[in-house]
Structures are given as C-alpha cells and as structure tokens.
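We use all heavy atoms of the structure for the numbers below, so side chains are in, but hydrogens, waters and symmetry mates are not. Atoms within a ligand are numbered from 1 in the order they appear, just like the ligands themselves. All values derive from a computational prediction rather than experimental measurement.
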Amino acid sequence: MKKWPLAWAATGLTLTWLARRLSAPSLPDPGPLPASVPIPRAEPPDDMDLIAVPTGVNNRVAAYAYRGGSVFDRRDFYIGAALIKHPRGDLLIDSGFGRDIARQFATMPRYFRAVTRYQLWKPAADQLEEAGYDVGRLEAIVLTHAHWDHMSGLPDFPGLPVMVTAEDKAFFGNSRAEGRPGPPSFGPPFTQTPFNWRELGFDGGPYLGFARSHDVYGDGSVVCVPAPGHTPGSIVVFVTLPGNVRYAFVGDLVWQLEGLIRRVERPWLMKRLGDTDPDGTRQNLLKMVSVMQRLPEMIVVPAHDQRAYATMARLPAARPRA
Ligand SMILES: [Zn+2]
C-alpha cells in the first residue's frame, strides 16, 4: 500500500525531468515595441469598471500549460468571464461555464472527458443575478475565441449578441469536422443553439504592433485586435480603465503567464492538439512580449491564469435568497 505514493513521486520526477529535457529554450527575445510605434490614446469614462467573474476551474498542471512546467505544479485553470462596465453598455469577455455545462460536457469525446476534470463554481448568469445586476445592461459577449470552455455560458444569455470573428464563427461551425486540429467542441444541442452572432471585423488601423483593430466604444477603452493561431480567429482585447490602467486579455495565446514571461510555448503535444496554427501563435506571443516590454505596467490576462484576475474587482457577495 505504502509503495504507491513513492511510485507516483518517482513517475512524477521522471516526467518532470523528461519535460525539462525536451523543453526548448526560450523563444528569441524580440525586444520592446519600437519607440516609433505610438502608444494609443484612450479616454475611458470615469465610471468604467472591470470585474472578474470566475465560474469554475479546470484542473491542470504547469507541465500541461507551458514548456518546462512541472507536473507537481498544480494549476487550476480559471474558467470564467470578465465584465466590462461602460455607460454605453456593458460587455462580457467570454462566458465561462454555464448552467448546462454537465450536459454539454457529456457530448464531448470520451478521450477528452477522460483527461479533463473541471469544477463548476457558479455560472456567470447566476452570479450577476444574485448580485442584483441588471442583465439588460449587457450589450454583448465578446469571445476571445470559439472554444468550449469560453462558450459554455452563452445559452444562459438568450438573444444577447455574441461578437466573434468570421474566422472563428466558421471554425465553430466546423468544430466537429473530421481531422480538425484543436480541442473538441460540444456536440448538439449546443451547436444548434440560435446564437445572436455579430461578426467582429477590424475596421481600425494598427494598434500596438498589431496590424488591424476594432475600437468597440470609439473612445479607445476597449480595442480588439486579431491574433490568430490558437484558433483561426483568436483575438486580444485591450482594455484601458480610468487612470490609464491597461489590461490585455490575450485569450489562450498562452495558458499561463509563464508563457509570456519566460517566452515559452505550449508543450509539443499540447501545441499540436491545442493550436490550429502553432506558427501564428508563436508570432503573436512574441508580439505580446514586445508590447509588455514597452508597457511593463500593462496587466496581461491569459484567459486561464487565476493570478491575472486577482487584480480585478469581484461582484458583491451574493445576496441571500428571500
Ligand atoms: Zn482555447
């Protein structure tokens, strides 16, 4: 009986050693964004706010998230949303786990369910309701990309516009196609839900080294840029709050902050399974590294890194039910 913990420890040590052995050195340092690239101006309204809405976690380890990570370093991936409060209408970035996650998850392939453990804390729609938030204030949900763990909560907001790039809408439509790279998606009935899609196009010019952009409110406070690679239509959402507090929601460009800080990609297998275009992911990862070197005060938020959300406000504690 007592031999098992030892066996597990030995296996873990061997796997960590192998992961380190096989891990490539950091990607080359791209250097900071050149001084010739202007820092975009933003005029966020005084009452703008940013609130983290965690809905649960996906139990992973650092060795899964980035090259050189340890199998002993437990990382509970943040699965949730971020609420942007803006007088011209609020936004949710991603939706986290929704009320129907158990049934949705049951429609995923058996192998994926076998290697995935998640905990639902509370769906975003329930948290907002219990906090007394008027859901009518929501203008749209912006998807960083069309993966299952970012979309599960969409049906909890029926009729609410879902802003997504044309590339990721097509990707979602083909998500069950044979041989499609990337993690599997939910099957029906989720895929048949009549979501109120709004195509996110990029009508604006260059933004912090990214070629195109879309300024959601026209005041520079929320600006989306294309950052394809993880999925064909992945985006980064730059948010600037009053006081020039800058955030960058980078979706799944990296799964944990180390990806950007150490300039390391996902491990080989995860890259193959998790990215539709690993080269695109690498280019955009390095682009973000340049941005971070130029704007070191910017708070960068990988969608699944709990530490990045710790800087944000939370919803008021749920009111007791009458
Ligand atoms: Zn993803």
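- Here 4 is the count of protein N, O or S atoms positioned under 2.8 Å from the Zn ion (ligand 1), waters not counted.
- A side chain to side chain contact (heavy atoms under 4.5 Å, CB included) with Trp148 is found for one member of Phe190, Phe172, Phe105 and no other, namely Phe105.
- Ring-plane geometry between Phe195 and Trp197 is classed as perpendicular, the angle between the planes exceeding 60 degrees on a 0 to 90 degree scale with a lower cut at 30.
- Here the two rings, on His214 and Tyr207, have centers that are 6.0 Å apart or farther.
- Across Leu241 and Leu50, no two heavy atoms sit closer than the pair CD1-CB, 3.9 Å.
- Counting non-hydrogen atoms of other residues, nucleotides and ligands closer than 6.0 Å to CZ of Arg314 gives a total above 12.
- Under the 4.5 Å side-chain heavy-atom criterion for Ile, Leu, Val, Met, Phe, Trp and Tyr, Ile79 and Leu128 are members of the same hydrophobic cluster.
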